[in-house]
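What you see below is based on every heavy atom in this structure, not just the backbone, and it leaves out hydrogens, waters and symmetry mates. Chain naming here is simple, since letters A, B, ... match the order of the sequence lines and numbering starts at 1 in each.
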Protein chains: 2
Amino acid sequence: MSTTKALPLLEPEVAPCCPPLSERRLTAEEAERTAAMFKALGDPVRLRLFSAVASHEGGEACVCDISDVGVSQPTVSHHLKKLREAGLLTSERRGTWVYYRVAPSVLAAMATAFAPGS
Amino acid sequence: MSTTKALPLLEPEVAPCCPPLSERRLTAEEAERTAAMFKALGDPVRLRLFSAVASHEGGEACVCDISDVGVSQPTVSHHLKKLREAGLLTSERRGTWVYYRVAPSVLAAMATAFAPGS
DNA sequence: TGTCTATGTTGACGGATGTCGATGCAGCGT
DNA sequence: ACGCTGCATCGACATCCGTCAACATAGACA
């Protein structure tokens, strides 16, 4: 009767990354984009910053809340910028402070990379 | 009656990484070990190699099966070594060929990193 | 306006990393 | 023994990356 394809509306949104690694071989383009996100989390300082934001009450944290990671303030700013550029965090200035939060659906998207494939 | 601790036997095995990033702030040591695994997957060539092994029939692949990733053979070998050192792959020589497979429970362990925390 | 605080940017430095050609080594076949 | 194939290692090179001090910028407040 009809195709097996569901309605094209209300798509779960752009999935910028992370096809299951075990499902099939990644193409060069997929690997490029997915690796960029892993690379952003591949530094201990950045991973601690990301974890601090992700686990912070209310889902957001200002820089002053999370900058106690053992490096200088410029370095913290540099790493937060990398996490932003990788699409993992978003930032918003409210008055004196800048608040960071985990970009929507990033956790779920990356979890799918490790889902069983076959 | 008894402590709430379960039997120490039959532990699900060493969990070398990956407490949920959203659950709490990672310690420096946790971040170091977890970031090392993300870092290993943070290169497009390595990610394609990992995906090729993980998605290969039988759960294992010899180097000749997966070395068509656009770089020279020494580079492939170099990246596979990095993946081994990160604990993501294991290798075994059988006759002429060396077979790689995903290290046990690595996929599940890394998936937990992106599990919802609170 | 001026000053203080919070955060981002710049420039520079040293070390890590990805890449390759050349070479080494292990197994297989002749 | 010899050569051939699959894979690892070595040495060298260029580039990337994490880090910091110095400086710049943006709000808040007086």
Side-chain angles (χ1 to χ4, degrees), chain A residues 26 28-29 31-53 56 58 60-101, chain B residues 26 28-29 31-53 56 58 60-101:
Chain A
L26 262 51
E29 294 75 20
E32 205 80 35
R33 288 183 297 136
T34 306
M37 311 192 73
F38 286 135
K39 187 175 187 176
L41 295 178
D43 177 89
V45 173
R46 279 198 295 270
L47 194 59
R48 291 184 76 188
L49 289 171
F50 182 86
S51 174
V53 171
H56 200 267
E60 68 179 10
C62 84
V63 180
C64 59
D65 287 328
I66 59 177
S67 46
D68 54 335
V69 286
V71 294
S72 68
Q73 175 268 321
T75 301
V76 169
S77 197
H78 167 73
H79 283 309
L80 288 173
K81 182 178 185 178
K82 288 292 193 75
L83 289 168
R84 258 188 291 122
E85 292 173 343
L88 298 176
L89 295 182
T90 62
S91 67
E92 178 194 1
R93 171 157 223 141
R94 288 206 297 274
T96 303
W97 296 280
V98 176
Y99 292 87
Y100 282 80
R101 49 175 59 240
Chain B
L26 262 52
E29 293 76 20
E32 205 79 37
R33 287 182 299 136
T34 307
M37 311 191 75
F38 285 136
K39 187 175 188 176
L41 295 178
D43 178 90
V45 173
R46 278 198 296 270
L47 193 59
R48 291 184 76 188
L49 290 171
F50 183 85
S51 174
V53 172
H56 200 268
E60 68 179 10
C62 84
V63 181
C64 57
D65 287 328
I66 59 175
S67 44
D68 54 337
V69 286
V71 294
S72 67
Q73 176 268 321
T75 301
V76 169
S77 198
H78 166 74
H79 284 307
L80 287 173
K81 181 178 185 177
K82 287 291 192 72
L83 288 168
R84 259 189 290 121
E85 291 172 344
L88 297 176
L89 295 182
T90 63
S91 67
E92 177 196 1
R93 171 157 225 139
R94 288 205 298 274
T96 304
W97 297 280
V98 177
Y99 291 88
Y100 281 79
R101 47 175 62 240

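Along DNA chain D, the nucleotide nearest A:K82 and the nucleotide nearest B:K81 are compared for position; the residue whose nucleotide lies closer to the 5' end is B:K81.
Closest heavy-atom contact between A:A40 and A:L83: O-CD2, 3.9 Å. Looking at every heavy atom in both residues, B:V45 comes nearest to B:D43 through N-OD2, 2.9 Å.
Of the candidate nucleotides C:dG8, C:dT19, D:dA8, C:dT19 has the atom lying nearest to any side-chain atom of B:H79. Here the nucleotide nearest the side chain of B:P74, chosen from D:dT9, C:dG8, C:dG18, is D:dT9. The side chain of A:T75 has D:dC20 as its nearest neighbour among D:dC20, C:dC20, D:dA8. Distance from the side chain of B:K39 is smallest to C:dA16 among D:dC17, D:dC20, C:dA16.
Distance, B:D68 CG to D:dG6 C1': 15 Å, rounded to whole Å. A:E85 places its CD atom 12 Å from the P atom of D:dG18, with the value rounded to the nearest Å. Rounded to whole Å, atom P of D:dG6 lies 16 Å from atom CG of B:L80. With rounding to whole Å, A:L49 atom CG is found 14 Å from D:dT19 atom C1'.
Distance CZ/A:R46 to NZ/B:K39: 9.0 Å, rounded to 0.5 Å. Atom CD1 in B:I66 sits 12.0 Å away from atom NE2 in B:H79 (nearest 0.5 Å). One distance of note links NE2 of B:H78 with NZ of B:K81; it measures 9.0 Å at 0.5 Å rounding.
For DNA chain D, the residues of residues 89-100 of chain B within the heavy-atom distance limit of 4.0 Å (strictly under) are B:T96, B:W97, B:V98, B:Y100, sorted by number. Across residues 41-48 of chain A, not one residue has a non-hydrogen atom less than 4.0 Å from an atom of DNA chain C.
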Margin query: Test side chain to side chain contact (heavy atoms under 4.5 Å, CB included) on B:H56 and B:E60; report intermediate values, then the result.
Written below: CA-CA 6 Å; B:H56 200 268; B:E60 68 179 10; 5.8 Å; no

Next item on the list: Tell me, with the steps shown, if A:R84 and A:Y100 meet side chain to side chain contact (heavy atoms under 4.5 Å, CB included).
Entry: CA-CA 9 Å; A:R84 258 188 291 122; A:Y100 282 80; 3.3 Å; yes

Check: Taking it one step at a time, do A:L89 and A:L49 satisfy side chain to side chain contact (heavy atoms under 4.5 Å, CB included)?
Finding: CA-CA 10 Å; A:L89 295 182; A:L49 289 171; 5.8 Å; no

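Listed by chain and residue number, B:R94 satisfy the side-chain hydrogen bond (donor to acceptor under 3.5 Å, both in side chains) test with B:E92 (two or more places apart in sequence, or in another chain).
Nucleic acid contact class of B:H78 (heavy atoms, under 4.0 Å, all strands): base.
At a cut-off of 3.5 angstrom, counting only N and O atoms as typed in the model, there is a donor on one side and an acceptor on the other between the side-chain of A:Q73 and the base of C:dG8.
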